[in-house]
K.L.:
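Have a look at this one.
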Protein chains: 2
Amino acid sequence: MTPASRTPAAPPAPPLRERKKQRTRQTLIDTALTLFTRRGFGSVTLDELCAEVEVSKRTFFRYFTSKEDVALAPLHDVWRAYQGELAARLDALRATGDAADAVRTTGSDGPQTLLHLMRDALLAALDRTAADTDWTRRALLSHRLAERTPSMVAHGLHFCERTTGDVLELLHGALVLDGPDDPRPRFAGEMLLSAHRHALATWSARAGADPEPAPADVPDEAQLAALVRESVAALADGLALTATPRRTG
Amino acid sequence: MTPASRTPAAPPAPPLRERKKQRTRQTLIDTALTLFTRRGFGSVTLDELCAEVEVSKRTFFRYFTSKEDVALAPLHDVWRAYQGELAARLDALRATGDAADAVRTTGSDGPQTLLHLMRDALLAALDRTAADTDWTRRALLSHRLAERTPSMVAHGLHFCERTTGDVLELLHGALVLDGPDDPRPRFAGEMLLSAHRHALATWSARAGADPEPAPADVPDEAQLAALVRESVAALADGLALTATPRRTG
DNA sequence: CCATTTATGCCACTGAGTGGCACAAGCCTG
DNA sequence: CAGGCTTGTGCCACTCAGTGGCATAAATGG
């Protein structure tokens, strides 16, 4: 923090101005999560939040599109990273022209399923995002908050939907498909979403129900990653599940 | 409309007061769809809409929970019906204890998959809802509106999510599953949702792009039903789709 | 040190959504 | 066809999210 401290081994050292922006953004997110968690999403006004962070409301809206947006930022970040990861993988695929060796994360047999390609991109995104200091804690708070805040659910679903839409454009540019209306990649994308949401819910439920967990009580992203894998694997079972009536007892 | 006209073969004749309510509701929906379609969702204020229908804003909110809600009402009605249909089918299933003959809509081999059970419930719901006079026209307007109105998308997704949640409770009460956290029924429910959304999009796209279609230009619900079947059938292909890179050219 | 860009603050404004209360219209008695 | 009772509606004032415009302050680059 001292002005004279030289950055030990920083990459290209981000332009000083950018730092402040990121710092305000992070502060907004953190105080928002704290306040919302403590007193409920609906009971905290933006004016309060802004006063707390000492930022004008106008400025808040230059960082986030809505009150819900700031509360969901940690979760949204994953999806942004996912989009990037997937784009990179698709480029690699097109370059080598071979699905099998383009993606090193799988020592698989034959060309990969799109769903698995997406899953791996998501896992990589998770890994990258979670590299940030205590992302998991924030993500947990974010998700817990969403569980009891309908408008956050709506906002989150919509965000995912938009991301899926963007991803679909990438896919249609990079893969051989049955025309621009082929529903299969969309289905795959939405299934991944389902799986991810379930993984997140399970992850959150497994952690202690502490409303403001200490850093130590927060489950790590490895557990989440494992749950994502499980969930994706379970998708096919969901499709094939037969309806066995329960005996009334 | 004449007071003395005797209802020819009306069932029990709904309590006169209820009629007015339904009429106001329908008027609100129709004028909302018209105004929104003509001038855009965001450019019509609730005050305008209410003035047009000659109803106070306070009253509006006794019928609908939000501005988005009224614009999506036709689509929401299907899901409400779906919930009812599914509940009925589950009851039938539990009563007979046999999946095969409980549901007459399918002359299938062996017990039915949950997905197909849900699909049939949705188709039945569609059928029932579309019995109302020009539901299809309204639904089409509703969907077209949603396509260019982000907040409507968010609201619609959230509504479906809630419905799915309610349905899951029914399922866990009626079916043999792997405990309360078994993700399979949830996956099935969300896949049906995906399929339905795709069907709706295709249906809407196939109809002429007329912003205010004449009744004759509106596709019927049979076409939508067919698309739902197709989409559900295509789900498995989405799951299994292999990522074949497109040759750059 | 100055000029340009870029982030922020301030202020006034729209419009969705809510709560409270008084009023009127349908509705069940006798 | 009173009477009270229930239920839906109108009106009013209020909160608060979100936006636009313009002046100002801070970083950047010469």
Side-chain angles (χ1 to χ4, degrees), chain A residues 1 3 7 12-29 31-32 35-36 39-73 145 149-156 158-159, chain B residues 3 12-29 31-32 35-36 39-73 145 149-156 158-159:
Chain A
M1 279 298 179
T7 46
L16 172 61
R17 199 173 207 159
E18 200 62 21
R19 288 175 173 273
K20 292 193 95 174
K21 281 183 54 171
Q22 289 310 328
R23 204 168 56 74
T24 346
R25 184 186 136 93
Q26 218 34 281
T27 313
L28 277 169
I29 296 176
T31 29
L35 290 180
F36 293 163
R39 300 178 13 223
F41 181 83
S43 307
V44 178
T45 68
L46 279 184
D47 291 318
E48 282 181 87
L49 171 59
C50 291
E52 188 75 22
V53 186
E54 292 182 294
V55 151
S56 82
K57 199 170 62 170
R58 200 68 190 77
T59 296
F60 172 90
F61 281 105
R62 288 191 187 98
Y63 284 90
F64 303 98
T65 66
S66 71
K67 198 182 171 185
E68 289 79 20
D69 193 33
V70 67
L72 285 168
L145 225 27
T149 311
S151 75
M152 279 180 65
V153 177
H155 192 275
H158 182 232
F159 182 87
Chain B
L16 173 61
R17 199 174 206 160
E18 199 63 21
R19 288 176 174 273
K20 292 191 96 174
K21 280 182 55 169
Q22 289 311 328
R23 207 169 53 74
T24 336
R25 184 185 135 92
Q26 215 37 277
T27 313
L28 277 170
I29 295 176
T31 26
L35 290 180
F36 292 163
R39 299 175 19 218
F41 182 82
S43 306
V44 179
T45 69
L46 279 184
D47 291 318
E48 282 182 85
L49 171 59
C50 291
E52 188 76 22
V53 186
E54 291 181 296
V55 151
S56 82
K57 198 169 62 169
R58 200 66 190 80
T59 295
F60 172 89
F61 282 105
R62 287 193 187 95
Y63 284 90
F64 303 98
T65 66
S66 71
K67 197 181 172 188
E68 289 79 19
D69 192 34
V70 66
L72 285 169
L145 225 27
T149 312
S151 76
M152 280 180 65
V153 176
H155 192 276
H158 182 230
F159 182 87

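Chain A is the first sequence line, chain B the second, and so forth, proteins listed ahead of strands; every chain is numbered from 1.
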K.L.:
Give, for atom CZ of B/Phe41 and atom NZ of B/Lys67, the distance between the pair rounded to the nearest 0.5 Å.
P.N.:
4.5 Å
K.L.:
Evaluate the criterion side chain to side chain contact (heavy atoms under 4.5 Å, CB included) for residue pair B/Thr149 and B/Phe36; output intermediate values, then yes/no.
P.N.:
CA-CA 10 Å; B/Thr149 312; B/Phe36 292 163; over 6 Å; no
K.L.:
Extract, from 5' to 3' on DNA chain D, the first and final nucleotides lying under 4.0 angstrom from some heavy atom of chain A.
P.N.:
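Answer, 5' to 3': D/dC16 to D/dT28.
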K.L.:
Output every pair passing salt bridge (Lys or Arg N to Asp or Glu O under 4.0 Å) with a member in residues 39-58 of chain B, not counting sequence neighbours, ordered by first then second residue.
P.N.:
B/Arg39-B/Glu48
K.L.:
Which heavy-atom pair separates A/Ala73 from A/Phe64 by the least distance, and what is that distance?
P.N.:
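What the structure gives for the nearest pair is CB-CE2, 4.1 Å.
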K.L.:
Give the residues of residues 45-54 of chain B touching DNA chain D, defined as any heavy atom closer than 4.0 Å, sorted by residue number.
P.N.:
B/Glu54
K.L.:
If you take any heavy atom closer than 4.0 Å to DNA chain D, which residues from residues 57-70 of chain B end up in contact?
P.N.:
B/Arg58, B/Thr59, B/Arg62, B/Tyr63
K.L.:
Between B/Leu46 and B/Phe61, is a side chain to side chain contact (heavy atoms under 4.5 Å, CB included) present by the stated rule, with each step listed?
P.N.:
CA-CA 10 Å; B/Leu46 279 184; B/Phe61 282 105; 3.5 Å; yes
K.L.:
For a side chain to side chain contact (heavy atoms under 4.5 Å, CB included) with A/Val53, tell me which candidate from A/Ile29, A/Thr59, A/Thr27 qualifies.
P.N.:
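Going through the options one by one, the only one that passes is A/Thr27.
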K.L.:
Can you see which heavy atom on B/Leu72 is nearest to which on B/Met152, and at what distance?
P.N.:
CD1-O, 3.3 Å
K.L.:
Which dot-bracket string describes DNA chain D (Watson-Crick N1-N3 plus N6-O4 or O6-N4, or G-U N1-O2 and O6-N3, all under 3.5 Å; [ ] crossing; | other strand)?
P.N.:
||.|.|||||||||||||||||||||||||
K.L.:
Please list each protein N or O that sits under 3.5 Å from an N or O in nucleotides 27-30 of chain C, with the distance.
P.N.:
from: C/dC27; atom 1: OP1; to: B/Arg17; atom 2: N; distance (Å): 3.2

K.L.:
Kindly give the heavy-atom pair with the smallest separation between B/Val44 and B/Leu35, and that separation in Å.
P.N.:
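In terms of heavy atoms, the two residues are closest at CG2-O, 3.8 Å.
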K.L.:
Using every non-hydrogen atom in the two residues, find where B/Arg25 and B/Tyr63 come nearest and quote the distance to one decimal.
P.N.:
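Residues B/Arg25 and B/Tyr63, closest heavy atoms: CB-CD2, 3.9 Å.
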K.L.:
Might you work through the side chain to side chain contact (heavy atoms under 4.5 Å, CB included) test for B/Val70 and B/Phe60, ending with a clear yes or no?
P.N.:
CA-CA 9 Å; B/Val70 66; B/Phe60 172 89; 3.9 Å; yes
K.L.:
Show your working on side chain to side chain contact (heavy atoms under 4.5 Å, CB included) between A/Arg23 and A/Arg19 and close with a plain yes or no.
P.N.:
CA-CA 6 Å; A/Arg23 204 168 56 74; A/Arg19 288 175 173 273; over 6 Å; no
